[in-house]
Amino acid sequence: MTLILSLAVAVLFGSGAYLMLKADLIRVVVGMVLISNAANLFIMSAGLTTGAAPIHPLSAEGTVADPLVQAMTLTAIVISFGVSALLLSLVYRVYTSHLSLDLDDLAAAEEREEAAIEQDAADERAAIAERAAADGQATADERRVLAGAANRGGDR
Amino acid sequence: MIVLPLGIVWFAAVGLAVLDGRRRAVGVAATIALAAGLAATGWLGVVVLRDGPLETVAGGWPAGVGIALRADALGVLFAGLSLGVLLVALVYELLGGARTRSFPALVLFEAVGLTGLFLTADAFSFYVFFEIAMIAAYVLTGYGERSRQLRAAMIFAVVNLLGSVLFLIAIAALYHVTGSLDMATIASRARIAEANPVMITGAVLFVAFGVKLGLFPFHFWLPAVYTGTRPAVSAILSGALANIGSYGLLRFGAGLFPRELELAAPVLLLLGTASILYGALQAVSRRAPDEVLAYSAIGQVGYVLIALAVGGPVGYAAAILYAVVNAVNKTLLFLAAGLRGWTVGAAFAVGAFSVAGVPPAAGFLGKAALFRTGLAADGTTTEIGLVLLVFLGGALSFVYMFQVYQRRFWAAGDGPPTQPSIATRRALVLALAGLVVALGLWPEPLLAVSARAADALRQGAP
């Protein structure tokens with residue numbers, strides 16, 4: 001029994017971990033759900049005892065099953081249910097803002113954002129430098145913006 | 001009485017969750033509730049320091065059957081610290097106006113999770129409160145709802161959920177090995193239990209808390225998350241949520257498994273050193289302020305780990321002291337880095353001095369305690385190595401903090417290019433900087449409390 005249970009935990013955890021390494025966000029969430037269920041099964045198998053039902057007027061003879069394990073598993077199931085719902089809603093928000101669920105696309109979006117910020121800073125610098133060349137000399141105000149743009153370009 | 005700080009914040013959180021947090025009145029109510037919770041924790045702290053630990057069993061069950069809440073010096077110190085950080089971050093964000101309706105309630109739920117976690121005496125309630133705090137943090141990370149924040153929230157949620165599942169597995173294993181969920185009983189039975197299962201459970205626990213803290217081999221999620229979130233949320237994550245990791249290592253490592261902790265000391269020293277050096281070197285090579293701060297956070301937790309590895313009254317006290325000072329520093333720095341203006345520059349400089357460990361900032365206390373810890377280590381090589389490491393880490397943090405300072409507050413010349421930040425926010429950050437200096441100038445209370453907390457840990461279990 002212990003062997004079967006531990007094999008089941010191992011398979012659940014392993015497939016969950018495999019799915020989490022995928023680039024698709026839905027698979028990542030499913031992997032997370034599998035892993036939390038592996039944990040639930042682990043709690044059950046770690047404390048499983050056979051015996052009478054632990055309901056208040058206890059039967060005098062025989063052993064009583066440990067109710068604590070089941071209470072813990074129930075709590076853990078509720079928590080993992082809530083967390084899965086939260087993860088799915090987060091995935092949905094990511095989808096509405098990126099129109100993709102692929103991690104490669106998300107990484108590309110991140111690079112594009114960074115590049116756009118860099119480009120803005122560079123454009124601002126170029127425009128000021130051009131105007132400065134036309135006017136002969138930049139005003140103090142423009143020099144300050146120039147310094148600020150260089151600074152922000154470095155920051156992001 | 002233990003229930004009081006928890007109850008105030010909990011009821012307020014549930015009540016405010018249904019209201020629109022963008023309205024000013026709701027924000028004020030949340031601030032008042034959090035301040036009341038902090039005051040109750042402070043009062044609890046005074047009582048605990050005067051009369052020793054307090055214990056209540058929830059629901060009127062006899063002791064040993066019901067779920068126990070327990071307040072000792074360590075728990076109260078961390079609860080007060082976290083509530084304080086959350087209060088500052090909440091006020092900071094509300095001064096600019098909350099952007100989503102759920103923000104104030106989420107901060108309160110975060111406070112519930114953290115307070116409960118620090119004041120519980122039951123390993124499974126620890127997990128439950130831990131999840132309350134984590135779930136609130138997942139949602140908070142997405143606060144702002146721009147694509148960057150959503151990506152950060154996704155990474156944060158997936159990695160930390162894995163950490164939580166590992167923690168749950170460790171709790172189940174503990175129950176299997178010791179047959180109890182009460183921390184004191186676990187501690188006494190772990191001493192006589194077979195060594196191997198306890199050691200493996202300890203290792204799983206260490207990984208779980210290492211993920212929360214962002215220790216060296218488990219740090220990969222941290223920079224992406226800290227740089228993606230808004231300043232107030234980064235401050236909450238690094239100043240309040242990361243306390244779970246330090247507290248967990250202290251409570252479970254030093255409190256429940258002192259024997260295993262001693263056995264693992266070489267590994268902890270190695271990982272702590274790797275964390276310090278990796279964090280500091282990466283921070284030196286980064287340009288963006290929030291990225292530097294994120295890597296700095298990885299480096300700073302390494303010191304806590306080292307102090308823990310050396311152990312003994314000096315080591316534990318140093319670990320507690322350093323964790324507290326680090327949380328305050330990080331809150332100050334993340335909040336200050338999001339603002340502009342010369343007063344903020346001064347506040348940031350105070351935080352930078354504190355991270356580098358220059359007196360009179362509070363960070364000096366932490367560094368001094370670490371030097372003392374280094375000298376208490378056994379073996380001359382370890383002793384010299386640790387002192388050198390602390391010194392080198394301090395020097396590197398001085399370099400990277402002032403690189404940030406230079407770029408952020410000097411390079412723009414006189415008058416920053418963007419509009420100056422809201423005056424009240426700047427005043428708040430300045431007040432926090434004042435607190436850091438005050439802690440450095442009048443360190444006795446903090447030193448005494450952390451020594452008491454270390455005592456509470458060493459007298460066996462909670």
| query | Measuring heavy-atom distances to chain B, does Met72(A) have an atom under 4.5 Å in its side chain, in its backbone, in both, or in neither? | reply | both
| Does CZ belonging to Phe220(B) count more than 12 external heavy atoms closer than 6.0 Å? | yes
| message | Is the distance from the ring center of Tyr405(B) to that of Phe402(B) below 6.0 Å? | response | yes
| Does atom CG of Leu86(A) have more than 12 heavy-atom neighbours from other groups under 6.0 Å away? | yes
| message | Heavy-atom pairs under 4.5 Å with chain B: which of Ala76(A), Ser80(A), Ser89(A), Ala39(A) has the most? | response | Ala39(A)
| Leu162(B) versus chain A, the contacting section by heavy-atom distance below 4.5 Å | both
| Distance-only donor-acceptor check, side chains Tyr95(A) and Ser100(A), under 3.5 Å | no
| For the student: nearest non-hydrogen atoms of Ser164(B) and Lys212(B), plus distance | OG-NZ, 3.4 Å
| query | For the candidates Ile169(B), Ile135(B), Val165(B), Val128(B), which exhibits the highest count of non-hydrogen atom pairs separated by less than 4.5 Å from chain A? | reply | Ile169(B)
| query | Most heavy-atom pairs under 4.5 angstrom with chain B, which of Asp66(A), Val28(A), Asn40(A)? | reply | Asp66(A)
| field | Part of Met20(A) within contact of chain B (heavy atom distance under 4.5 Å) | value | side chain
| field | Region of Ile43(A) in contact with chain B, defined by heavy-atom distances below 4.5 Å | value | both
| task | For each of Val94(A), Val91(A), Leu90(A), tally heavy-atom pairs with chain B at distances under 4.5 Å, and name the one with the top tally. | result | Leu90(A)
| note | Residue from Met134(B), Arg151(B), Glu131(B) scoring the most non-hydrogen pairs under 4.5 Å with chain A is Arg151(B)
| Which atom pair, heavy atoms only, marks the closest approach of Thr227(B) to Ala224(B)? | OG1-O, 3.3 Å
| message | For the backbone of Leu41(A) and the side chain of Ser45(A), can you confirm whether one donor and one acceptor N or O come within less than 3.5 Å of each other? | response | yes
